[in-house]
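See below for the structure under consideration.
Please read these numbers as outputs of a predicted model, since none were measured by experiment.
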Amino acid sequence: LGVRDTADIVGSCYYSIAADRMAEVCMILGKNDRAAYYRELKDHIDDAIVKAYVSSDGKVGNAMLQGLYVIMLKTGAVRNMTVRYRMISHLAGMIKENGYSLDCGFASVPFLLDVLYDNGYKEEAYRMLFCTKAPSWLYMIQNGATSIWENWCAVKEDGTVTDSSYNHYAYGCVGDFMYRHI
């Protein structure tokens with residue numbers, strides 16, 4: 001997959017997530033006809049996502065990025081449980097291959113641990129949470145962090161300090177997972 005394909009997948013997945021949220025909002029507001037519209041829209045988006053990007057073996061094109069699997073699984077676009085199981089299995093395999101360190105950015109990391117946890121990969125979620133190898137949350141702590149950094153390796157393994165924010169919430173979503181699951 002190229003950069004354009006990756007952007008298309010992420011954009012399409014966020015479109016699905018937004019349609020789902022709109023359906024929820026409409027239900028809360030008592031706008032049942034609008035909620036039905038957004039549910040139908042989400043179904044169409046999800047069908048298009050699966051048709052365009054997901055193969056029957058659960059692979060997202062030739063993607064080797066954890067984040068694309070995470071965000072696609074988060075949308076719930078893949079309703080075929082066999083394919084969904086294969087997708088989560090591919091994701092878990094990539095994570096294991098990467099030594100339980102992260103390969104996600106701002107768009108998908110908020111969903112990473114929950115996608116693993118909610119799909120039967122609790123041990124993998126905790127192994128990622130407690131990983132100390134770069135890139136990881138505990139790598140930051142081992143390298144002097146007292147808050148969340150803007151990027152995973154703001155202090156490189158050789159001790160080089162980069163021009164990054166050292167108080168940046170983007171990867172702080174891990175706190176939400178810890179409050180709900182630990």
Side-chain angles (χ1 to χ4, degrees), residues 1-95 102-122 124-126 128-129 137 148 150-151 168-182:
L1 292 172
V3 172
R4 183 69 213 147
D5 295 321
T6 299
D8 288 347
I9 292 170
V10 172
S12 298
C13 288
Y14 265 92
Y15 188 26
S16 172
I17 291 167
D20 189 48
R21 295 297 179 272
M22 286 300 297
E24 288 177 31
V25 168
C26 290
M27 284 299 294
I28 291 168
L29 295 175
K31 307 281 186 184
N32 296 341
D33 57 332
R34 295 306 294 164
Y37 166 80
Y38 285 111
R39 271 197 218 94
E40 185 176 338
L41 175 61
K42 180 185 177 359
D43 287 344
H44 289 302
I45 295 165
D46 291 350
D47 290 343
I49 288 170
V50 171
K51 183 178 179 183
Y53 303 113
V54 181
S55 62
S56 61
D57 66 355
K59 292 188 178 174
V60 179
N62 61 356
M64 293 306 296
L65 299 171
Q66 294 171 9
L68 292 179
Y69 283 84
V70 168
I71 198 163
M72 193 159 299
L73 287 159
K74 170 60 179 167
T75 68
V78 179
R79 293 184 289 272
N80 178 309
M81 293 311 289
T82 301
V83 175
R84 186 172 177 82
Y85 174 78
R86 290 173 181 158
M87 284 183 76
I88 191 70
S89 181
H90 286 306
L91 173 61
M94 284 188 283
I95 288 168
L102 300 148
D103 176 18
C104 292
F106 290 0
S108 55
V109 78
F111 312 122
L112 171 64
L113 297 176
D114 282 321
V115 162
L116 290 169
Y117 193 91
D118 294 343
N119 284 282
Y121 286 83
K122 293 177 184 179
E124 287 78 358
Y126 285 120
M128 288 192 93
L129 180 62
W137 288 286
I148 301 292
E150 175 183 13
N151 64 56
H168 199 89
Y169 182 72
Y171 296 127
C173 54
V174 68
D176 176 58
F177 176 84
M178 291 188 305
Y179 293 131
R180 287 182 291 106
H181 294 288
I182 296 180

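Nearest heavy-atom pair, Ile49 versus Ser12, reported as atom, atom and distance to 0.1 Å: CD1-O, 3.5 Å. The two residues Cys26 and Ala35 have their closest heavy-atom pair at CB-N, 3.5 Å. Looking at every heavy atom in both residues, Asn151 comes nearest to Tyr171 through CA-CE1, 3.9 Å. In terms of heavy atoms, Phe177 sits closest to Tyr126 at CE2-CE2, 4.1 Å. Nearest heavy-atom pair across Ala92 and Tyr121 is CB-CE2, 3.4 Å. A pairwise comparison of heavy atoms in Met87 and Val78 identifies SD-CG2, 3.4 Å as the closest pair.
Under the 3.5 Å distance criterion, the side-chain polar atoms of Glu150 are left unmatched by any main-chain donor or acceptor of His168.
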Exercise answer: donor-acceptor pairs, residues 106-116 side-chain atoms, under 3.5 Å, sequence neighbours excluded:
unit_1: Asp114; atom_1: OD1; unit_2: Arg180; atom_2: NH1; d: 3.2
unit_1: Asp114; atom_1: OD1; unit_2: Arg180; atom_2: NH2; d: 3.2
unit_1: Asp114; atom_1: OD1; unit_2: His181; atom_2: NE2; d: 3.1
unit_1: Asp114; atom_1: OD2; unit_2: Arg180; atom_2: NH2; d: 2.6

Which atom pairs, donor and acceptor, lie under 3.5 Å between side-chain atoms of residues 68-77 and protein residues at least two apart or in another chain?
unit_1: Tyr69; atom_1: OH; unit_2: Val60; atom_2: N; d: 3.0
unit_1: Thr75; atom_1: OG1; unit_2: Met72; atom_2: O; d: 2.7
unit_1: Thr75; atom_1: OG1; unit_2: Ala77; atom_2: N; d: 2.9

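Under the side-chain hydrogen bond (donor to acceptor under 3.5 Å, both in side chains) criterion, Asp118 pairs with no residue at all, not counting sequence neighbours. Take Ser55 and apply the side-chain hydrogen bond (donor to acceptor under 3.5 Å, both in side chains) test, not counting sequence neighbours, and it matches Asp57.
Listed by first and then second residue, the side chain to side chain donor-acceptor pair (under 3.5 Å) pairs that reach into residues 76-95 are Asp47-Arg79, sequence neighbours excluded. Note on residues 24-42: pairs passing salt bridge (charged side-chain N to carboxylate O under 4.0 Å, His left out), not counting sequence neighbours, are Arg21-Glu24, Lys42-Asp46.
The shortest side-chain heavy-atom distance between Leu91 and Asn119 does not fall under the 4.5 Å cut-off.
Shown here is Tyr15, whose OH atom has no more than 12 heavy atoms of other residues, nucleotides or ligands within 6.0 Å.
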